[in-house]
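Okay, structure first, notes after.
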There are 2 protein chains.
Amino acid sequence: MSVPKPTEGELEILQVIWEHGPSTVRFVNDQLSTQKKVGYTTTLKLMQIMADKGLLRRDTTGKTHIYDSAVSQQKTQQQLIDKLAVTAFGGSAMKLVMQALGNKKSTQKEIDEIRAFLDQLEGGEK
Amino acid sequence: MSVPKPTEGELEILQVIWEHGPSTVRFVNDQLSTQKKVGYTTTLKLMQIMADKGLLRRDTTGKTHIYDSAVSQQKTQQQLIDKLAVTAFGGSAMKLVMQALGNKKSTQKEIDEIRAFLDQLEGGEK
DNA sequence: AATATTCTACGAAGAATTTCGTAAAAAGTT
DNA sequence: AACTTTTTACGAAATTCTTCGTAGAATATT
């Protein structure tokens, strides 16, 4: 297999890196620590494992290693959506979308955004 | 905590029960077996655990126990979407929806469905 | 009634994930 | 240079999830 689906803990790390770009373990751990209690070596270990798996790339030239994402945010998100669609929505991404829209107090602005997005989808069809 | 988030294996079982209603272990196992190889006692054990967790209810009056879902399909699906939104979309369900719509070759019919759904959302606002 | 089949209960092995302690290397400080 | 801090490496414990073997109870079959 190529790159495995990230686990939940791994996703938390990916999100930090997707948002802030290449980061040190220290930085990622600081970010995670604002959300939950987590030891430094725990984060380190996870990131090392992720590098082994191919989820992260690391630059070991400097004193402190710099980790960067080796997977695209969009591809990963799509992978997770597809997985959820299969495991919880009988394979229907549309049902998933409906559910996400339905049980959500969407603002008028959001609804308009979706409409615009749909228009765009129709326009750019191939 | 009340009812925990179902695991992947548990979701497969829930889907069978959501679709077919109250079921025996035998039936659920037969259904799962059409998708993947799985031992009878494996399914049994999982369903027993799910009953302990509060994901399933069971009727033990008869010879063979009958299991029914103790969690609503819709609530569970929403729970999973919310979780995915948080762990992979920075908490934004809208981003999740966009992604789901975007990287999906949506048919015209599906797009129209979503539009109708949005109209309905606006109409039934409180 | 004896035999065979089906089902539940139990426990435990296996696998994947998460956590962290300890030690050594590297860098910074006094 | 000696000391402190930071970082990496390693391994293993703890947790959660999954799988299944075995035994015994319940039911059905011959």
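Labels below follow one simple rule: chain letters A, B, ... track the order of the sequence lines, proteins then strands, and each chain is numbered from 1.
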[X] side chain near [N] phosphate (N/O to OP1/OP2, under 4.0 Å):
{"X": "B:R26", "N": "C:dT6", "value": "no"}
{"X": "A:Y40", "N": "D:dT8", "value": "yes"}
{"X": "B:T7", "N": "D:dT18", "value": "yes"}
{"X": "A:Q48", "N": "D:dA9", "value": "yes"}

Rounded to the nearest angstrom, tell me the gap between atom [atom1] in [X] and atom [atom2] in [N].
{"X": "A:D59", "N": "D:dT7", "atom1": "CG", "atom2": "C1'", "answer": "15 Å"}
{"X": "B:Y67", "N": "C:dC7", "atom1": "OH", "atom2": "P", "answer": "12 Å"}
{"X": "A:I13", "N": "C:dT17", "atom1": "CD1", "atom2": "P", "answer": "13 Å"}
{"X": "A:I66", "N": "D:dT6", "atom1": "CD1", "atom2": "C1'", "answer": "14 Å"}
{"X": "A:M47", "N": "D:dA9", "atom1": "CE", "atom2": "C1'", "answer": "15 Å"}
{"X": "B:K37", "N": "D:dT18", "atom1": "NZ", "atom2": "P", "answer": "15 Å"}
{"X": "B:L11", "N": "D:dC17", "atom1": "CG", "atom2": "P", "answer": "12 Å"}
{"X": "A:E10", "N": "C:dT18", "atom1": "CD", "atom2": "P", "answer": "6 Å"}

Inset, instruction - Taking atom types as modelled, find out whether A:Q48 and A:D52 have a side-chain donor-acceptor pair closer than 3.5 angstrom. - result: no
Legend entry - A:E10 with A:K5: basic N within carboxylate O range, under 4.0 Å: no
Legend entry - A:R115/B:D119 ion pair, N-O < 4.0 Å: yes
Inset, instruction - Report the distance from atom CZ of A:F27 to atom CG of A:L32, rounding to the nearest 0.5 Å. - result: 10.0 Å
Inset, instruction - Could you grab the distance from atom OG of A:S23 to atom CD of A:Q31, nearest 0.5 Å is fine? - result: 8.0 Å
Legend entry - Test side-chain contact (heavy atoms from CB on, under 4.5 Å) applied to B:S69 and B:L14, step by step: CA-CA 7 Å; B:S69 171; B:L14 280 175; 4.0 Å; yes
Legend entry - Along DNA chain C (nearest heavy atom to each residue), the more 5'-positioned of A:I49 and A:T64: A:I49
Inset, instruction - For B:L44 and for A:K53, locate the closest nucleotide of DNA chain C by heavy-atom distance; then report the residue assigned to the nucleotide nearer the 5' terminus. - result: B:L44
Legend entry - Proximity to the side chain of A:L46 - top-ranked nucleotide from D:dA9, C:dC7, C:dT18: C:dT18
Legend entry - Polar pair under 3.5 Å, donor/acceptor by atom type, side chain A:K45, base C:dG21: no
Legend entry - Candidate pair B:D59 and B:H65, rule side-chain contact (heavy atoms from CB on, under 4.5 Å), full reasoning: CA-CA 6 Å; B:D59 174 358; B:H65 299 181; over 6 Å; no
Inset, instruction - Mind checking A:T42 for me? I need base, sugar-phosphate or nothing, with any heavy atom below 4.0 Å counting as a touch. - result: base
Inset, instruction - Assign a letter to each nucleotide of nucleotides 22-28 of chain D from its 5' end: B, base within under 4.0 Å of a protein heavy atom; S, sugar-phosphate only; -, no contact. - result: B----SS
